[in-house]
Structures are given as structure tokens and as C-alpha cells.
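Report on the structure given below.
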Amino acid sequence: MIRQRLICDKRDIAGAALCSLVVCVSIWQLALPLSRNVQNATLARFHLASPSFALWALQQPIPTMYSFENRYWIIDEKASHGIQETKIVNHFPTRLITFGDNRYRLFKDGISKTVVVRSRYRGNERMTRCRALPNTNGGFTWESQQLSGDLVP
């Protein structure tokens with residue numbers, strides 16, 4: 001009985017840290033529809049354009065949800081018709097370039113491609129043009145630029 005009381009009286013630092021994380025994530029999620037700064041930080045995260053690694057890392061426990069409209073356009077620079085593909089994705093539109101089989105599918109031919117990604121949330125929008133240039137080791141170099149205005153159909 002005495003031994004059990006001593007165990008319960010000790011502070012649970014890991015539990016307190018976990019509860020603090022849950023509270024912080026909840027506050028961020030509740031602030032998302034209300035704060036333009038939180039919206040801009042989240043949009044920048046989706047476009048791999050956070051102003052600092054620390055801000056990007058702090059946002060990693062926050063669920064991405066499906067509250068953003070994310071669309072991408074693949075523009076074939078050599079084709080006469082221009083747009084090769086356009087789709088709506090659930091989240092992280094830049095993952096098309098940076099991750100998985102899409103990257104292989106897009107760049108296996110060794111031709112440079114331009115991908116325009118757009119994310120929207122409650123009237124707030126961010127567009128980024130990503131240009132992938134093949135390099136000599138079989139990979140590619142990625143250049144990105146934030147766009148303004150509706151530059152794609």
C-alpha cells in the first residue's frame with residue numbers, strides 16, 4: 001500500500017509531455033480557420049517552403065487533414081499542348097515530385113518538367129512552380145518559385 005502510493009506520487013514526465021503535445025496540436029487545429037498566420041504557415045508546409053527548418057519540424061505532429069484543396073499541373077515543356085496532367089490530391093501536393101513512384105514516372109525519361117502546385121484554404125491560396133532539371137547522376141535538381149495570380153487554367 002505504501003509502495004503503491006509512492007509510485008503514484010511521482011511525476012510522469014512522458015505523460016505530461018504527451019498531454020502537452022495533444023493540447024498544442026489541438027490549439028493549432030482550432031486556430032487554423034481563424035488565423036491567417038496559421039493558415040500561411042500550414043500552406044508553406046504543404047509547399048515545402050517553410051521559412052525555417054524549426055517551424056517545419058514543429059508542425060510535423062499536426063495532422064494534415066483534408067481541409068485544403070490541393071491541385072497540381074504537370075507541364076511538359078517539349079509538348080505543343082503544354083499541360084500533360086492535372087489532378088486534385090488530398091494533401092502535400094509537392095510529394096508528387098519528392099516521393100515515391102510518381103517521381104520515377106515523371107522523370108524516368110530524363111526530360112525536365114515543370115509542376116505547378118496550388119493549395120487553397122478559405123480564400124487563402126499559395127501557388128508554387130517547381131521545375132525539375134535532370135542532372136548527370138540520374139537524379140534531378142529542383143527549383144521552386146512562389147507564384148501570384150492564377151497562372152494556370
Side-chain angles (χ1 to χ4, degrees), residues 13-14 16-153:
I13 295 173
L18 183 60
C19 287
S20 298
L21 178 64
V22 169
V23 167
C24 289
V25 167
S26 298
I27 290 170
W28 186 275
Q29 290 293 85
L30 290 170
L32 185 61
L34 306 172
S35 170
R36 198 75 144 167
N37 290 332
V38 172
Q39 291 171 14
N40 287 333
T42 306
L43 285 169
R45 172 185 172 208
F46 272 40
H47 288 242
L48 300 177
S50 293
S52 70
F53 176 76
L55 181 59
W56 177 85
L58 285 171
Q59 291 185 65
Q60 293 315 297
I62 299 166
T64 54
M65 304 308 240
Y66 298 100
S67 53
F68 287 79
E69 175 203 344
N70 298 297
R71 179 180 289 272
Y72 70 83
W73 293 265
I74 300 171
I75 301 168
D76 190 343
E77 297 172 5
K78 303 240 187 235
S80 59
H81 54 70
I83 295 178
Q84 175 184 347
E85 179 179 313
T86 181
K87 286 189 181 172
I88 294 176
V89 292
N90 286 332
H91 52 269
F92 291 109
T94 51
R95 205 176 266 180
L96 174 76
I97 299 170
T98 61
F99 185 75
D101 61 342
N102 283 324
R103 183 170 68 175
Y104 173 75
R105 182 178 59 82
L106 282 174
F107 304 114
K108 68 181 176 186
D109 55 5
I111 298 171
S112 64
K113 300 271 174 78
T114 299
V115 177
V116 176
V117 294
R118 179 183 70 198
S119 296
R120 289 181 175 169
Y121 182 78
R122 294 186 174 223
N124 200 359
E125 177 179 277
R126 183 179 187 106
M127 288 181 64
T128 304
R129 176 186 292 134
C130 308
R131 188 153 187 255
L133 307 163
N135 58 27
T136 56
N137 65 1
F140 63 92
T141 305
W142 183 27
E143 301 170 350
S144 68
Q145 168 191 18
Q146 186 174 349
L147 303 175
S148 60
D150 200 12
L151 301 178
V152 290

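What you see is a predicted model, and the numbers here were worked out from it, not measured in a lab.
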If you measure from CH2 on Trp73 to CZ on Arg129, what distance do you get to the nearest 0.5 Å?
12.0 Å
Could you tell me the separation between the CD1 atom of Ile13 and the CG atom of Leu18, rounded to the nearest 0.5 Å?
14.0 Å
For Ser52, all residues meeting side chain to side chain contact (heavy atoms under 4.5 Å, CB included), sequence neighbours excluded
Ala54, Leu55
State, with a plain yes or no, whether a side-chain heavy atom of Ile62 is found less than 4.5 Å away from one of Cys24.
no
Tell me which donor-acceptor pairs under 3.5 Å the side chains of residues 30-41 have, and how far apart each pair is, sequence neighbours excluded?
| unit_1 | atom_1 | unit_2 | atom_2 | d |
| --- | --- | --- | --- | --- |
| Ser35 | OG | Asn37 | N | 3.3 |
| Ser35 | OG | Val38 | N | 3.3 |
| Gln39 | OE1 | Asn124 | ND2 | 3.4 |
| Gln39 | NE2 | Leu32 | O | 3.0 |
| Asn40 | OD1 | Asn124 | ND2 | 2.8 |
| Asn40 | ND2 | Arg36 | O | 3.3 |

Does the side chain of Phe68 come within less than 4.5 Å of Leu43's, by heavy atoms?
yes
Identify which one of Arg126, Arg71, His47 satisfies the side chain to side chain donor-acceptor pair (under 3.5 Å) criterion when paired with Ser119.
His47
Less than 4.5 Å apart, any side-chain heavy atom of Tyr121 and any of Thr42?
no
Calculate, to the nearest 0.5 Å, the distance between atoms CZ and CD belonging to Arg118 and Glu69 respectively.
5.0 Å
